[in-house]
Amino acid sequence: EPEVTQTPSHQVTQMGQEVILRCVPISNHLYFYWYRQILGQKVEFLVSFYNNEISEKSEIFDDQFSVERPDGSNFTLKIRSTKLEDSAMYFCASSESGSEQYFGPGTRLTVT
Amino acid sequence: AQSVTQPDIHITVSEGASLELRCNYSYGATPYLFWYVQSPGQGLQLLLKYFSGDTLVQGIKGFEAEFKRSQSSFNLRKPSVHWSDAAEYFCAVGLTYGGATNKLIFGTGTLLAVQP
């Protein structure tokens, strides 16, 4: 069964550094999403992406964040200058038709 | 504002017992509703979804959920719980635009423990 994959599974970085989180969505899916879950809190929407542009973004998704689909298979989330409060589990999701979303296993980002 | 409430933070049931996890939502239009399950160290797995039509929907692993518009609820049920069902369960409402779900709003989750 096709799955969303994410790399790395765990990323440790220092405050102020740039990080890129990578996702490979399910191959025939057209809608892509990033969410995050701070430890002990609910899953929060960050951004949705369709047809090579952002469809919607949350207040969290400020100028420090960007997304890109650099080729036909990858979908990336970049954080330009990480802060301590960016420490969270980041989930990528994809959807074929924009209805149900399928999630990857997540990347745990730790900012020290 | 759109929101999802899961009133039960933690529930413990005995193996073989029935289960009902509560979910209430606040959304102005007809909602797209979802239940996801998260096992420790795993991602979110889609259990079932409601878009329209029959208000009782069947999902994977023997789960079902019933949409009740009058109560703004979408409770998850299972007739007989297995030890492998121990996990965290999230209810979510999908906010749509142009026919596509642009984002999911999640509840805080219910952690299910299963006693032997």
Side-chain angles (χ1 to χ4, degrees), chain A residues 1-10 21-26 29-51 53-61 67 88-108, chain B residues 1-10 23-25 27 30-53 57-61 65 74 87-111:
Chain A
E1 185 175 328
E3 293 181 335
V4 177
T5 59
Q6 292 185 242
T7 55
S9 57
H10 190 188
L21 309 183
R22 291 182 167 79
C23 168
V24 178
I26 296 172
H29 285 193
L30 302 176
Y31 298 80
F32 313 109
Y33 312 83
W34 283 100
Y35 293 81
R36 77 174 186 188
Q37 184 180 31
I38 295 172
L39 190 63
Q41 298 186 23
K42 64 171 70 176
V43 177
E44 302 174 288
F45 169 78
L46 292 178
V47 65
S48 58
F49 190 87
Y50 170 72
N51 199 25
E53 60 182 25
I54 290 174
S55 308
E56 186 165 352
K57 59 184 180 179
S58 71
E59 293 176 353
I60 303 166
F61 195 89
V67 289
M89 181 73 89
Y90 287 81
F91 292 106
C92 172
S94 70
S95 175
E96 181 179 9
S97 60
S99 51
E100 63 263 37
Q101 297 177 20
Y102 294 89
F103 284 74
T107 292
R108 180 166 297 285
Chain B
Q2 305 88 359
S3 65
V4 176
T5 302
Q6 293 181 249
D8 304 305
I9 297 172
H10 191 189
C23 172
N24 293 95
Y25 67 89
Y27 186 51
T30 300
Y32 286 9
L33 294 163
F34 306 85
W35 276 98
Y36 285 86
V37 60
Q38 185 180 32
S39 298
Q42 304 290 314
L44 296 160
Q45 183 181 22
L46 179 64
L47 281 177
L48 46 75
K49 59 187 183 285
Y50 171 80
F51 294 154
S52 65
V57 293
Q58 303 296 321
I60 62 171
K61 304 185 180 187
F74 189 56
E88 189 155 23
Y89 291 80
F90 294 92
C91 180
V93 62
L95 305 190
T96 59
Y97 179 76
T101 301
N102 276 350
K103 65 181 178 182
L104 298 176
I105 303 295
F106 283 87
T108 49
T110 298
L111 186 62

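Remember, predicted model here, so these are calculated numbers, not experimental data. Values below: all heavy atoms of this structure, side chains included; hydrogens, waters and symmetry mates excluded. Residue numbering restarts at 1 for every chain, and letters A, B, ... go by the order of the sequence lines.
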Sequence neighbours left out, cut at 3.5 Å: what donor-acceptor pairs do the side chains of residues 37-45 of chain A make with other protein atoms?
unit_1  : atom_1 : unit_2  : atom_2 : d
A:Gln37 : NE2    : A:Gln41 : O      : 3.4
A:Glu44 : OE1    : A:Arg36 : NE     : 3.3

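- When heavy atoms are compared at a cutoff of 4.5 Å, A:Ser95 does not approach chain B at all.
- Expressed to the nearest 0.5 Å, how far OH of B:Tyr36 lies from CD of A:Gln101 amounts to 5.5 Å.
- At a heavy-atom separation below 4.5 angstrom, chain A is approached by B:Leu44, B:Leu46, B:Lys49, B:Phe51 within residues 44-51 of chain B.
- Counting heavy atoms of neighbouring residues, nucleotides and ligands inside a 6.0 Å radius, atom CD of A:Glu59 does not exceed 12 of them.
- Around the CD atom of A:Glu3, the shell of radius 6.0 Å holds no more than 12 heavy atoms that belong to other residues, nucleotides or ligands.
- In this structure, the portion of A:Tyr35 lying under 4.5 Å from any heavy atom of chain B is its side chain and not its backbone.
- Among residue pairs with one or both ends in residues 89-110 of chain B, those qualifying as salt bridge (Lys or Arg N to Asp or Glu O under 4.0 Å) are A:Glu56-B:Lys103; sequence neighbours excluded.
- Taken from CZ in A:Phe91 to CG in B:Leu104, the straight-line distance is 12.5 Å, to the nearest 0.5 Å.
- Partners of A:Tyr90 by ring-ring contact (aromatic ring centres under 6.0 Å, His included), not counting sequence neighbours: none found.
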